[in-house]
**Student:** 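Sending over a structure as C-alpha cells; questions will come in a sec.
Whatever order the structure lists them in is the order used to number ligands and atoms, beginning at 1.
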Amino acid sequence: MKIDLHVHTDASDGKESVETVFERASSLGLDAIAISDHDTTANWSKAAELAVQHSIGFVPAIEVTTRAHFVDGDARPAKFGVHMLAYLPDPTHQGLVERMKKTIEGRVIRLQEITETLAPVYGLTWDAVLEQVVGDATLGRPAVADALIAGGHFENRGQVFDAVWYKGSPHYVPNRAVPDTIEAIELIRSAGGVAVIAHPLSRVKDRDTLGDKPLRHFEQMIEAGLGGVEAYHREVEEQDRDWLLALAERHDLIVTGSSDYHGLAGKDNELGEYSTSLENLRRIAEQATGTAVVNLAI
Ligand code: AMP
Ligand code: FE
Ligand code: FE
Ligand code: ZN
C-alpha cells in the first residue's frame, strides 16, 4: 500500500491542477493521496470525483497555517510559524470556514507587502504576481517566486527562496493573520478533524541551543489534542525523526509519511517519496468525525 498524505495543487501553491496530480498518482501506482492545500478545501470535490475515475483513494485534508506563541516560564513568548495538517475535518464547520477566510485575506495583504519590498529591486508588480495564480488559489510566496521566474530573474522557486528569503531578509513578512497553533488544533478537533503537525522541526535552525523547549512545546500541543506527527518528510532530519518517533511512542501518536508534492516544476519533492501505513491512516479515519476517506476500503 502506498499512501501519500500531503499533496498540493493549484488551489494553493502547487504548480499542477488536481486532474494532473491524480493522473500522476495513478501512473506512479499510488493507492491513496490526500489533497492538503494551504488553508483551502477548494479542490476536495473535484478530487473525490477523480479518485473514483482513477480507482485510487482520496483523503480530504487542509494544511492550516498557524503561528505558535510558545510560553516557557517567564520568558518572552517565542513566535514561529507551524503548519498543521487537518485530516477529514467537516469542510462546512462554521468556525473553521470563518478562520480560514481570515487567513486567506491576511495572506493577500501580506503578499502585497512582500511585493512592495521587491518592486524597487526587480520591478515586480502586483499584477505580475496575480498572473501566476489560478482562480481563487490561496496566495503564498511561491506566487511571487513564479512572477520573478516569469520576469527572467531566476530559474526555479528554490533559487528565489535562497536569494530572496534568507534569514533576516527585509523581503520576509510573516503570516500574522492566522490562528495560534493551540487554537488551530482545538478548531480542527471541533470540526471533527485530526491534527497532524506537518514537517515538524523542519525550520528550526538553532535546535542545539533550545534544550528541552521543543519537548515542552510538543507536550502543550499534545495536551490540546494533537493527533500525530509527520515524521517521514524530506525536511525532517534523521535525528529529529528519531526524536519524533520516540515522542509518538510515548504519547501514542499517529505517525505519517508524505511527499509534500507541489508539482514537478514546484519543488523537487516527488509524489509518494514518503508514505503512510494503512494502519496509521486507519487510526486517522477512526478518530475523525468530520468527513470520510473517499474510494478506499479501510
Ligand atoms: P508561504 O506560505 O508564503 O510562507 O510560503 C511557504 C511555501 O513556499 C511552502 O508551503 C512551500 O510550498 C514553498 N517553499 C518554501 N521553500 C521553498 C523552496 N526552497 N523551493 C520551493 N518552494 C518552497
Ligand atoms: Fe506550499
Ligand atoms: Fe508546509
Ligand atoms: Zn505542504
**Student:** Report the C-alpha separation of E63 and H8 in whole Å, then their side-chain angles, then the decisive distance to 0.1 Å, and conclude whether the side-chain contact (heavy atoms from CB on, under 4.5 Å) test is met.
**Tutor:** CA-CA 9 Å; E63 188 172 13; H8 294 272; 2.9 Å; yes
**Student:** Judged on heavy-atom distance to atom 9 (C) of ligand 1, which of D13, D268, D39, V178 sits nearest?
**Tutor:**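 Heavy atom nearest to atom 9 (C) of ligand 1 belongs to D13.
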**Student:** Would you check if the Fe ion (ligand 2) lies under 2.8 Å from any N, O or S atom of H8?
**Tutor:**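 No - counting backbone and side chain alike, H8 has no N, O or S atom under 2.8 Å.
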**Student:** What residue and atom, counting heavy atoms only, is the protein's closest point to atom 12 (O) of ligand 1, and at what distance?
**Tutor:**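 Protein heavy atom with the smallest distance to atom 12 (O) of ligand 1: H262 NE2, 2.7 Å.
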**Student:** Should G266 be listed as contacting ligand 1, given a heavy-atom distance under 4.0 Å as the test?
**Tutor:**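 Distance cut 4.0 Å: G266 passes for ligand 1.
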**Student:** Only heavy atoms of R110, strictly under 4.0 Å: list the atoms of ligand 1 that pass.
**Tutor:**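 This gives 1 (P), 3 (O), 4 (O) as the contact atoms.
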**Student:** If we set the cut-off at 4.0 Å for heavy atoms, which region of H199 has an atom near ligand 1: side chain, backbone, both, or neither?
**Tutor:**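 Contact part for H199 vs ligand 1: neither.
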**Student:** With rounding to 10 degrees, what does the angle H262:NE2 / the Fe ion (ligand 2) / D13:OD2 come to?
**Tutor:**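 NE2 of H262, the Fe ion (ligand 2) and OD2 of D13 span an angle of about 110°.
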**Student:** Only heavy atoms of G140, strictly under 4.0 Å: list the atoms of ligand 1 that pass.
**Tutor:**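 Listed by number with element, the hits are 3 (O).
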**Student:** Could you find the nearest protein heavy atom to atom 19 (N) of ligand 1 and give me its residue, atom name and distance?
**Tutor:**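 For atom 19 (N) of ligand 1, the nearest protein heavy atom comes out as F161 CB, 3.7 Å.
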**Student:** Got a sec: is D260 within less than 2.8 Å of the Fe ion (ligand 2) via an N/O/S atom?
**Tutor:**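 Checking the Fe ion (ligand 2) against D260, no N, O or S atom falls under 2.8 Å.
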**Student:** Scan E16, E19, E270 and name whichever one has a salt bridge (Lys or Arg N to Asp or Glu O under 4.0 Å) with R24.
**Tutor:**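 Going through the options one by one, the only one that passes is E270.
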**Student:** At under 4.0 Å between heavy atoms, is it the side chain or the backbone of H8 that contacts ligand 1, or both, or neither?
**Tutor:**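 No part of H8 is near ligand 1 at this cut-off.
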**Student:** Examine Y122 together with F154 and report whether their ring centres are nearer than 6.0 Å.
**Tutor:**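 Ring-ring flag for Y122/F154: true, centres closer than 6.0 Å.
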**Student:** For atom 20 (N) of ligand 1, which candidate among P174, G263, G158 provides the closest heavy atom?
**Tutor:**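 Shortest heavy-atom distance from atom 20 (N) of ligand 1: G158.
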**Student:** Which atoms of ligand 1 are found less than 4.0 Å from any heavy atom of P142?
**Tutor:**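 Atoms satisfying the 4.0 Å criterion: 5 (O), 7 (C), 8 (O), 13 (C).
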**Student:** Looking at T41, V59, V7, which hits side chain to side chain contact (heavy atoms under 4.5 Å, CB included) with I35?
**Tutor:**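 By the side chain to side chain contact (heavy atoms under 4.5 Å, CB included) criterion, I35 pairs with just one of T41, V59, V7: V7.
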**Student:** Can a donor-acceptor pair be found between the side chains of S258 and H233 at a distance below 3.5 Å?
**Tutor:**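 S258 vs H233: no donor-acceptor pair found between side chains.
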**Student:** State whether R107 and D39 are salt-bridged, where the test is any N-O pair (Lys NZ or Arg NE/NH1/NH2 against Asp/Glu carboxylate O) under 4.0 Å.
**Tutor:**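 Looking at D39 together with R107, the answer is yes, because their closest N to O distance falls below 4.0 Å.
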**Student:** For H38, counting its heavy atoms only, list the atoms of ligand 1 lying under 4.0 Å from any of them.
**Tutor:**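 Within the 4.0 Å cut-off of H38, ligand 1 contributes 10 (O).
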**Student:** Do the side chains of K101 and E105 get close enough for a salt bridge, i.e. N-O under 4.0 angstrom?
**Tutor:**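 Salt bridge present between K101 and E105.
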**Student:** Please classify the E63 to ligand 1 contact at 4.0 Å (heavy-atom distances, strictly less than): side chain, backbone, both or neither.
**Tutor:**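 None of E63 does.
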**Student:** Report the C-alpha distance between H6 and Y87 in whole Å, list the side-chain angles of each, state the deciding distance to 0.1 Å, and finish with yes or no for ring pair (Phe, Tyr, Trp, His ring centres under 6.0 Å).
**Tutor:** CA-CA 10 Å; H6 186 163; Y87 290 107; 8.4 Å; no
**Student:** Among protein heavy atoms, which sits nearest to atom 11 (C) of ligand 1, and what does the distance come to when rounded to 0.1 Å?
**Tutor:**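 Ranking protein heavy atoms by distance from atom 11 (C) of ligand 1, first comes K267 NZ, 3.6 Å.
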**Student:** Are R283 and D252 ion-paired here, with the side-chain N under 4.0 Å from a carboxylate O?
**Tutor:**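 A salt bridge links R283 with D252.
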**Student:** Under 2.8 Å from the Zn ion (ligand 4), which protein N/O/S atoms are there?
**Tutor:**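 Listed by chain and number, the nearby protein N, O or S atoms are H6 NE2, H8 NE2, E63 OE1, D260 OD1.
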**Student:** Starting from L124, can I reach L111 by hopping between I/L/V/M/F/W/Y residues whose side chains sit under 4.5 Å apart?
**Tutor:**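 Yes; tracing contacts between hydrophobic side chains, which count when under 4.5 Å, links both residues.
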**Student:** F58 and A51: which non-hydrogen atoms are nearest, and at how many Å?
**Tutor:**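 Shortest heavy-atom contact: CB-CB, 3.6 Å.
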**Student:** Charged N to carboxylate O under 4.0 angstrom, R282 versus E279?
**Tutor:**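 Between E279 and R282 there is a salt bridge, with a charged N closer than 4.0 Å to a carboxylate O.
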**Student:** So which bit of R141 gets within less than 4.0 Å of ligand 1, heavy atoms only: side chain, backbone, both or neither?
**Tutor:**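 It is both parts that get close, each with some atom under 4.0 Å.
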**Student:** Polar-atom distance check: H83 versus ligand 1, any N or O pair below 3.5 Å?
**Tutor:**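 Checking ligand 1 against H83, no N or O pair falls under 3.5 Å apart.
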**Student:** Before accepting this row, confirm whether a basic side-chain N of the pair R141/D13 lies closer than 4.0 Å to the acidic partner's carboxylate O.
**Tutor:**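 So R141 does not pair with D13 through a salt bridge.
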**Student:** Side chains of R234 and S259: is there a donor and an acceptor less than 3.5 Å apart?
**Tutor:**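 Absent: no donor and acceptor within the cut-off.
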**Student:** Using the benzene-type ring in the case of Trp, are the ring centres of F80 and H217 under 6.0 Å apart?
**Tutor:**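 Yes: the rings meet the under 6.0 Å criterion.
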